[in-house]
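As the structure lists them, so they are numbered: ligands from 1, and atoms in each ligand from 1.
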Amino acid sequence: METIGVLMTCPPFFPYLLEQLEKRFTLYKLQNAPDKTQFINSHKNSIRAIVGSGGFGADAKLIDQLPKLEIISSHSVGLDKVDLPKCKEKGIRVTNTPDVLTDDVADLAIGLMLAVLRRLCESDRYVRSGKWKKGVYKLTTKFTGKSVGIIGLGRIGMAIAKRAEAFSCPISYYSRTEKRDVKYKYYPSVVELAANCQILVIACALTEETRHIVNREVINALGPMGVLINIGRGPHIDEPEMVSALLESRLGGAGLDVFEDEPNVPEQLFRLENVVLLPHVGTATVETRKAMADLVVGNLEAHFSNKPLLTPVV
Ligand SMILES: O=CC(=O)O
């Protein structure tokens with residue numbers, strides 16, 4: 001294969017992906033460039049592909065700057081950082097990494113439910129700080145049997161439902177339309193879903209329609225005993241509203257893997273023990289990140305050898 005220029009818009013965070021790309025392509029690492037505009041200008045005629053991630057994609061401005069761009073291969077399932085309409089308009093192909101990460105993200109959602117209700121992080125801190133020697137730890141809340149409401153019943157939402165069922169949790173969901181072949185209870189609005197579950201999980205894609213899908217009204221419907229879990233994207237939640245609700249005890253707790261302005265997390269949350277905060281690690285296992293990297297590279301190889309893409313979106 002001739003040497004093809006690939007622009008990596010995400011930080012070179014995963015050595016395996018880097019190695020695989022560098023073996024096959026001429027890699028331009030945008031995050032390492034001191035002057036990004038100048039960097040793009042000097043390489044724009046060589047760049048035929050972009051590799052991005054959940055946090056770093058390609059906006060309309062970047063796409064327009066690259067006259068030879070043919071494909072964007074994202075190391076993520078979420079494509080909210082890629083301007084999809086622009087890609088469609090210009091005939092640029094887009095791929096993501098679905099399926100291989102579903103288990104990890106669903107596992108983490110259940111982990112967050114357990115961590116919030118059973119106070120796993122706080123009780124760990126209790127032992128480490130020596131407080132156990134002075135007295136037993138307080139009682140927590142049972143997880144088994146809690147009703148779980150899922151926003152978005154796609155691949156990840158279904159995998160969460162399956163796991164929660166094993167904990168005898170009644171499952172309900174919200175999605176744009178009711179799913180025909182699903183036995184879980186459907187609510188046509190997120191407020192109704194929140195009012196009828198004890199744990200509300202966000203598992204949908206981030207789009208203009210789902211931005212702030214969890215707003216003040218939804219949070220109030222979930223209520224002071226309710227727990228909010230987010231393994232989707234930060235902007236799914238109106239974050240200041242969630243922070244106020246937690247501070248005012250209008251919301252029972254939260255397990256959050258994602259935030260509106262990562263890696264900045266509202267510091268008021270740091271002192272709340274009913275909140276568990278993770279640094280966007282839903283897919284961050286060695287096994288899954290490798291499988292995602294293989295898909296990123298596989299899609300590029302398929303495209304540049306005129307074969308069908310492995311996981312096309314556009
Ligand atoms: O955030 C991770 C992903 O979209 O894969």
Output yes when Lys90 and Glu70 qualify as a salt bridge under the 4.0 Å nitrogen-oxygen rule, no when they do not.
no
Does this structure show an ion pair linking Lys81 with Asp59, if we count only N-O contacts that are shorter than 4.0 Å?
no
Using distance alone, decide if ligand 1 has a nitrogen or oxygen within less than 3.5 Å of any nitrogen or oxygen in Val77.
yes
Polar atom proximity, Gly78 to ligand 1 (N or O, under 3.5 Å):
yes
Record the part of His75 in heavy-atom contact with ligand 1 below 4.0 Å; permitted values are side chain, backbone, both and neither.
neither
Go through the side-chain N and O atoms of Thr140 and Arg119 and say whether any donor and acceptor fall under 3.5 Å apart.
no
Side chains of Glu192 and Tyr174 only: does a donor on one sit below 3.5 Å from an acceptor on the other?
no
Per-atom filter on ligand 1: closer than 4.0 angstrom to a heavy atom of Leu101 are 5 (O)
So the atoms of ligand 1 within less than 4.0 Å of a heavy atom of His280 turn out to be 1 (O), 2 (C)
Main-chain N/O of Lys179 paired to Tyr173 side chain as donor or acceptor, under 3.5 Å:
yes
Heavy-atom gap Arg233 to ligand 1 smaller than 4.0 Å:
yes
